[in-house]
Undergrad: 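Sharing a structure, written as structure tokens. Questions coming.
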Amino acid sequence: MSVPDKRLEWLRDQHNPKKFTPAVIEFVDIAGLVKGASKGEGLGNKFLANIRGCDAIVHVVRCFDDANVTHVEGSTDPLRDIDIINLELILADAEMCERRMDKAQKAAKGGDKRFLREAEVFSALLEHLNEGKLARTFECSDDDRALIATSDLLTLKRTIYAANVSEDAVNDPESVPYFQQVKKLADEEGSLALPICAKLEADIAELDDPEERAMFLEDLGIEKSGLDRLIQCSYDLLGLISFLTYGKDECRAWTIRKGTKAPQAAGKIHSDIERGFIRAETINFDEMMACGGSVAAAKEKGLLRSEGKDYVVKDGDMIYFRFNV
């Protein structure tokens, strides 16, 4: 799915490139989790395996009442619904922790302190999970957290709770008690809560014309669609940013993690550029716009910079990499 980026669209309009390549984010629709999934009920292990392959979890939870829309549990209760899902994930994680702990204990029989510590850490984490708590809420040192991160636990994954509210509440989700419950829970566990209206999103998805879609959103008093906000929320959750490359051949957005330095950003384009990195000719998009989009004006104002290998790339940086291999 293409990541909306007005900056890249502006560059496309300026340069009329042969190719236009926005950043891409993939959402995997995983449905069918039921009570007992950790024991093989429903889609069971297949469902859990699909989650393991994701970087983060978007948990859509119902936050509206409607007698015409049935609920598998018979009533609307977002915290109960979240608990059902989380419990299955916790049970699966507990099994994995037990295996990891047993393996470390066997390896520690020779007296290796490293495996002794690993067994201690996963034993403490298992106790935490058995109390019905998520792995991401387990308090420990940075070293222990790095060790736990090697286990690919489901409840370690960062989570967005997409609170599905009614059409009437889309402009004032804070007034919905169900959403307030979800937001409070998200805050407590370090997750994010995002109000959306699935019905409106379905209506928006049927509009192919961008102008028609914009008019529809304007009529509703909404600046961005829920999907666009979800994409931005996902970027924030995962610590992702985009830098831009531009020219007649291609205008493209490249996704990197916050804190990435220029050579490693260049490596996203091609390993040869990272290997032969010399410098990055850089200007941030906002600076370019302040110069009316003129490279010459940016140079005159000293805003077009030559950055070395220690430069940390910022969101919206427009970069031309110099390299030699």
Side-chain angles (χ1 to χ4, degrees), residues 1 3-6 25 27-35 51 54 56-90 132-134 136-137 155 157-207 210-240:
M1 184 173 295
V3 176
D5 193 331
K6 291 183 178 180
I25 189 167
F27 291 103
V28 181
D29 185 9
I30 305 172
L33 183 64
V34 297
K35 290 179 180 178
I51 298 178
C54 298
I57 297 172
V58 179
H59 183 168
V60 181
V61 57
R62 178 167 167 172
C63 289
F64 66 90
D65 291 313
D66 189 334
N68 296 316
V69 181
T70 59
H71 191 295
V72 67
E73 295 296 327
S75 63
T76 302
D77 186 341
L79 297 187
R80 175 204 59 207
D81 295 345
I82 289 171
D83 281 343
I84 289 173
I85 300 293
N86 282 347
L87 179 58
E88 296 304 322
L89 302 184
I90 288 169
K133 299 175 181 177
L134 307 170
R136 60 179 174 270
T137 65
T155 62
K157 294 185 183 295
R158 303 295 303 278
T159 298
I160 298 171
Y161 292 112
N164 185 14
V165 300
S166 68
E167 293 175 85
D168 295 337
V170 71
N171 285 317
D172 188 19
E174 298 290 340
S175 67
V176 180
Y178 292 139
F179 174 68
Q180 289 289 355
Q181 293 171 14
V182 174
K183 188 174 186 301
K184 182 175 182 293
L185 175 67
D187 291 342
E188 289 172 352
E189 65 178 46
S191 299
L192 297 178
L194 178 72
I196 62 168
C197 177
K199 188 176 185 306
L200 282 180
E201 292 304 307
D203 293 340
I204 293 169
E206 292 179 358
L207 303 175
E211 290 188 7
E212 189 177 356
R213 188 180 301 155
M215 289 177 61
F216 182 72
L217 291 173
E218 185 177 352
D219 289 343
L220 293 171
I222 301 172
E223 184 178 349
K224 292 182 179 179
S225 71
L227 179 58
D228 287 351
R229 289 185 292 111
L230 177 59
I231 290 172
Q232 185 58 58
C233 195
S234 300
Y235 258 55
D236 293 342
L237 184 78
L238 295 171
L240 302 176

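Keep in mind that what you see is a predicted model, and the values were worked out from it rather than measured. Values below: every heavy atom of this structure, side chains too, minus hydrogens, waters and symmetry copies.
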Undergrad: Can you name the one residue among Val165, Asp168, Asn164 that meets side-chain contact (heavy atoms from CB on, under 4.5 Å) with Phe64?
TA: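 For Phe64, the side-chain contact (heavy atoms from CB on, under 4.5 Å) check succeeds only for Asn164.
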Undergrad: Measure from the side-chain N and O atoms of Glu174 to the backbone N and O of Gln180, and report whether any donor-acceptor pair falls under 3.5 Å.
TA: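 Between the backbone of Gln180 and the side chain of Glu174 there is no qualifying donor-acceptor contact (under 3.5 Å).
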Undergrad: Rounded to the nearest 0.5 Å, how far does CG of Leu134 lie from OG of Ser191?
TA: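 Answer for the OG-CG pair, Ser191 versus Leu134, is 7.5 Å.
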Undergrad: At what distance, to the nearest 0.5 angstrom, does CD1 of Ile25 lie from CG of Leu238?
TA: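 These two atoms lie 6.5 Å from each other.
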Undergrad: Determine the minimum heavy-atom distance between Val182 and Pro78, stating which atoms define it.
TA: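 It is CG2-CB, 3.7 Å.
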Undergrad: Do Asp65 and Tyr178 come close enough that some side-chain heavy atom pair is under 4.5 Å?
TA: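 Yes; the side chains approach each other to less than 4.5 Å.
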Undergrad: May I have the step-by-step check of side-chain contact (heavy atoms from CB on, under 4.5 Å) for Ser166 and Asp66, ending in yes or no?
TA: CA-CA 9 Å; Ser166 68; Asp66 189 334; over 6 Å; no
Undergrad: So how far is it from Glu167 CD to Lys199 NZ, rounded to the nearest 0.5 Å?
TA: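 So the gap between those two atoms works out to 4.0 Å.
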Undergrad: Let's go through Leu230 and Ile196 carefully: what are the C-alpha distance in whole Å and the side-chain angles of both, what is the deciding distance for side-chain contact (heavy atoms from CB on, under 4.5 Å) to 0.1 Å, and is it a yes or a no?
TA: CA-CA 9 Å; Leu230 177 59; Ile196 62 168; 5.5 Å; no
Undergrad: Heavy atoms only: give me the nearest Asn171-Leu220 pair and the separation to one decimal.
TA: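 In terms of heavy atoms, the two residues are closest at ND2-O, 2.9 Å.
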Undergrad: Report the C-alpha distance between Gln232 and Asp228 in whole Å, list the side-chain angles of each, state the deciding distance to 0.1 Å, and finish with yes or no for side chain to side chain donor-acceptor pair (under 3.5 Å).
TA: CA-CA 6 Å; Gln232 185 58 58; Asp228 287 351; over 6 Å; no
Undergrad: Restricting to non-hydrogen atoms, name the atom on Ser225 and the atom on Leu217 that form the minimum distance, rounded to 0.1 Å.
TA: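 Nearest heavy atoms, Ser225 then Leu217: N-CD1, 4.0 Å.
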Undergrad: What is the distance from atom CD1 of Ile160 to atom CZ of Arg229, rounded to the nearest 0.5 Å?
TA: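 One gets 11.5 Å once the value is rounded to the nearest 0.5 Å.
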Undergrad: Quick one: closest heavy-atom pair of Val3 and Ile231, and the distance?
TA: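 Answer, listing the atom of Val3 first, then Ile231: CG1-CG2, 3.8 Å.
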Undergrad: Looking only at heavy atoms, what is the nearest atom pair of Ser75 and Arg80, with distance?
TA: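 Heavy atoms only, the tightest pair is O-NH2, 2.6 Å.
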Undergrad: Give the intermediate values and the outcome of side-chain contact (heavy atoms from CB on, under 4.5 Å) for residues Met1 and Leu227.
TA: CA-CA 10 Å; Met1 184 173 295; Leu227 179 58; 3.6 Å; yes
Undergrad: Using only atom types and a distance under 3.5 Å, with no angle test, would you say the side chain of Arg158 pairs donor to acceptor with the backbone of Ser234?
TA: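 Looks like no, no N/O pair under 3.5 Å.
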Undergrad: So which heavy atom on Leu207 is nearest to which on Arg213, and how close?
TA: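 What the structure gives for the nearest pair is O-NH2, 2.5 Å.
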Undergrad: So does Glu223 have more than 12 non-hydrogen atoms from other groups sitting under 6.0 Å from CD?
TA: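 No, because the 6.0 Å sphere around CD of Glu223 holds 12 heavy atoms or fewer from other groups.
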Undergrad: Looking at CG of Leu192 and CG of Asp236, how far apart are the two atoms once the value is rounded to the nearest 0.5 Å?
TA: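 Reported value, rounded in 0.5 Å steps: 7.5 Å.
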Undergrad: Mind checking the NZ-CG spacing from Lys157 to Leu89? Nearest 0.5 Å is all I need.
TA: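 Taking NZ in Lys157 and CG in Leu89, the distance rounds to 10.5 Å.
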